[in-house]
Amino acid sequence: EVKDILAYMRVIFQPNDMVSLARILNVPTRGVGAKSASTLIDYLNKNEADTIDTLVNANIVEGLRGKALKEIKNLGLILQQLSEQKNLSIYELMDLLIKRAGYIDYLQDGSISSEDRIENVQELLGVTRSYQNMDLETFLTDVALVSDLDSHNSTTDAVSLMTLHSAKGLEFDVVFMVGMEEGVFPHSRSFFEPEELEEERRLCYVGMTRARQELYMIHASSRLLYGNTQHNLPSRFIADIPEEIIDLPNGEQSRPHKPKFGLEDFPKEDFELPSLSEGDDVRHPLFGEGKVVSIDDSEATIYFKRVGQKVLNLQYAPIHKI
């Protein structure tokens with residue numbers, strides 16, 4: 001998904017980038033099959049035609065017809081309009097691109113990974129805020145330099161950067177676990193769902209047991225996440241570690257206390273069961289605004305704009321009707 005968005009940005013900046021164009025022709029899915037894509041790109045290469053003008057006037061390409069022809073024209077119009085937005089910042093341009101292309105709707109396919117993929121796009125969008133005073137060429141150049149890490153030789157003397165999931169089965173003398181903060185690890189979407197919280201705890205244990213000799217668990221006092229500065233409490237998982245095996249950093253007198261954010265920390269009497277009906281608009285302090293899909297006794301299925309569909313127990317979850 002990150003590569004998809006960057007491919008769009010490269011075509012806006014350099015329309016004759018055929019590799020990037022081939023990637024986005026049918027992303028999101030718009031009915032442009034491999035044959036139509038090949039026909040279009042062959043035409044552009046043979047005639048050295050202007051890419052965006054050709055997309056807008058795709059009827060001049062022999063062999064394109066039906067839905068593919070219509071959608072290629074629509075894509076051309078989107079790229080043409082975005083390429084004319086000279087006064088937008090990188091953040092504003094990418095945000096407009098994601099909306100015009102309908103990319104978030106494309107990712108919301110109901111799969112288990114859809115929320116993570118949407119968060120990846122949101123994080124990429126957040127990163128662009130640091131390029132507010134730079135042009136598109138500078139942004140794409142910087143991204144290209146970062147992408148060179150994909151060819152890194154893992155046999156050299158260097159730090160290995162990986163996710164906790166990909167670290168399973170591996171061991172290292174020294175391990176650094178970063179982002180040990182409430183809302184990051186454990187993730188905010190697990191706060192009111194005990195099974196998800198326990199899965200996060202098991203994943204944390206996997207990370208800790210990758211270390212043969214030394215383990216460093218690090219939390220930031222503030223971090224830029226999804227384009228916003230957050231001040232998160234240290235992860236509850238740090239507070240669960242036995243005191244006798246912890247070496248505190250210089251200047252710290254005691255380890256962090258376990259934060260009160262879990263389902264078990266909200267007694268039923270603290271919340272009145274809200275009176276909700278299907279179709280009601282609601283707000284959740286972590287998940288944002290959403291709409292009630294269905295209600296079954298004290299459980300409500302709610303679709304949140306930011307994180308997708310959740311099933312929440314109304315006796316615990318602090319839901320407020322808008």
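These numbers come from a predicted model, not from an experiment.
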Minimum side-chain heavy-atom gap Met94-Tyr131 below 4.5 Å: no
Distance (rounded to the nearest 0.5 Å) between Leu140 CG and Gln14 CD: 9.0 Å
CZ-CG distance between Phe13 and Leu6, expressed to the nearest 0.5 angstrom: 14.0 Å
Listed partners of Glu289 passing side chain to side chain donor-acceptor pair (under 3.5 Å), at least two apart: Arg283
Pairing residues for Ala220 by the side-chain contact (heavy atoms from CB on, under 4.5 Å) criterion, not counting sequence neighbours: Glu181, Arg223
Over 12 foreign heavy atoms within 6.0 Å of CD1, Ile322: yes
Interatomic spacing from OG1 in Thr54 to CD1 in Ile60 - rounded to 0.5 Å: 5.0 Å
Sequence-distant partners of Ser222, side-chain contact (heavy atoms from CB on, under 4.5 Å), two or more places apart: Thr229, His231
Nearest atoms (heavy-atom pairs only) where Ala68 meets Ser36: CB-OG, 3.5 Å
Listed partners of Asp105 passing salt bridge (Lys or Arg N to Asp or Glu O under 4.0 Å), at least two apart: none
Donor + acceptor pair across side chains of Glu119, His187 (<3.5 Å): yes
Any Leu40 side-chain heavy atom under 4.5 Å of Val32 side chain: no
ILVMFWY cluster, Val175 and Ile246 together (side-chain gap under 4.5 Å): yes
Test log, rule side-chain contact (heavy atoms from CB on, under 4.5 Å), inputs Val184 and His219: CA-CA 10 Å; Val184 179; His219 58 87; over 6 Å; no
Residue pairs passing the ring-ring contact (aromatic ring centres under 6.0 Å, His included) test where at least one lies in residues 51-74, sequence neighbours excluded: none
Evaluation steps, side-chain contact (heavy atoms from CB on, under 4.5 Å), between Met162 and Leu170: CA-CA 11 Å; Met162 65 188 67; Leu170 303 177; 4.0 Å; yes
All side-chain contact (heavy atoms from CB on, under 4.5 Å) counterparts of Val178, not counting sequence neighbours: Ile218
Derivation and outcome, side-chain contact (heavy atoms from CB on, under 4.5 Å), residues Met18 and Thr51: CA-CA 9 Å; Met18 292 298 109; Thr51 300; 3.5 Å; yes
Contact check, side chains of Leu107 and Asp109, non-hydrogen atoms, under 4.5 Å: no
Side chain to side chain donor-acceptor pair (under 3.5 Å) pairs, two or more places apart, involving residues 61-71: none
Residues, nucleotides or ligands: over 12 heavy atoms within 6.0 Å of Tyr216 OH: no
Any donor-acceptor pair under 3.5 Å from Asp116 side chain to Ser113 backbone: no
Spacing of Leu82 atom CG and Leu77 atom CG [to the nearest 0.5 Å]: 11.0 Å
Nearest heavy-atom neighbours spanning Gln108 and Ser114: CA-CB, 4.5 Å
Pairing residues for Val27 by the side-chain contact (heavy atoms from CB on, under 4.5 Å) criterion, not counting sequence neighbours: Asp4, Tyr103, Tyr106
Shortest non-hydrogen contact from Met217 toward Cys204: CE-SG, 4.1 Å
Any Met177 side-chain heavy atom under 4.5 Å of Leu164 side chain: yes
Atom of Leu25, atom of Arg30 and distance for their closest heavy-atom approach: O-NH1, 2.9 Å
Distance, nearest 0.5 Å, that separates CZ of Phe176 from CD of Glu214: 8.0 Å
Listed once per pair and sorted, the side chain to side chain donor-acceptor pair (under 3.5 Å) pairs that draw on residues 76-97, sequence neighbours left out: Gln81-Arg100, Ser89-Glu92, Ser89-Gln132, Tyr91-Arg129, Asp95-Lys99
Any donor-acceptor pair under 3.5 Å from Ser38 side chain to Lys35 backbone: no
Donor + acceptor pair across side chains of Thr138, Asp135 (<3.5 Å): yes
Over all atoms of both residues, closest heavy-atom pair of Leu197 and Pro186: CD1-CB, 3.7 Å
Pairwise side-chain contact, Val121 with Arg117, heavy-atom cut-off 4.5 Å (strictly under): no
Pairing residues for Lys168 by the salt bridge (Lys or Arg N to Asp or Glu O under 4.0 Å) criterion, not counting sequence neighbours: none
In one Ile/Leu/Val/Met/Phe/Trp/Tyr side-chain cluster, 4.5 Å: Met180, Tyr205: no
Test salt bridge (Lys or Arg N to Asp or Glu O under 4.0 Å) applied to Glu196 - qualifying residues, sequence neighbours left out: none
Arg202 to Glu199 - nearest heavy-atom pair and separation: NH2-OE1, 3.0 Å
Leu64 side, atom CG; Thr39 side, atom OG1 - distance, nearest 0.5 Å: 6.0 Å
With Asp173 via salt bridge (Lys or Arg N to Asp or Glu O under 4.0 Å) - residues at least two apart: Arg212
Path from Val159 to Val174 over hydrophobic side-chain contacts below 4.5 Å: no
Arg23 side chain vs Val19 backbone, donor-acceptor pair below 3.5 Å: no
Main-chain N/O of Phe185 paired to Glu200 side chain as donor or acceptor, under 3.5 Å: no
Test item: Asn26 side-chain N/O and Gly33 main-chain N/O as donor-acceptor pair under 3.5 Å: no
Trace of the side-chain contact (heavy atoms from CB on, under 4.5 Å) decision for Glu1 with Leu124: CA-CA 10 Å; Glu1 53 276 6; Leu124 173 64; over 6 Å; no
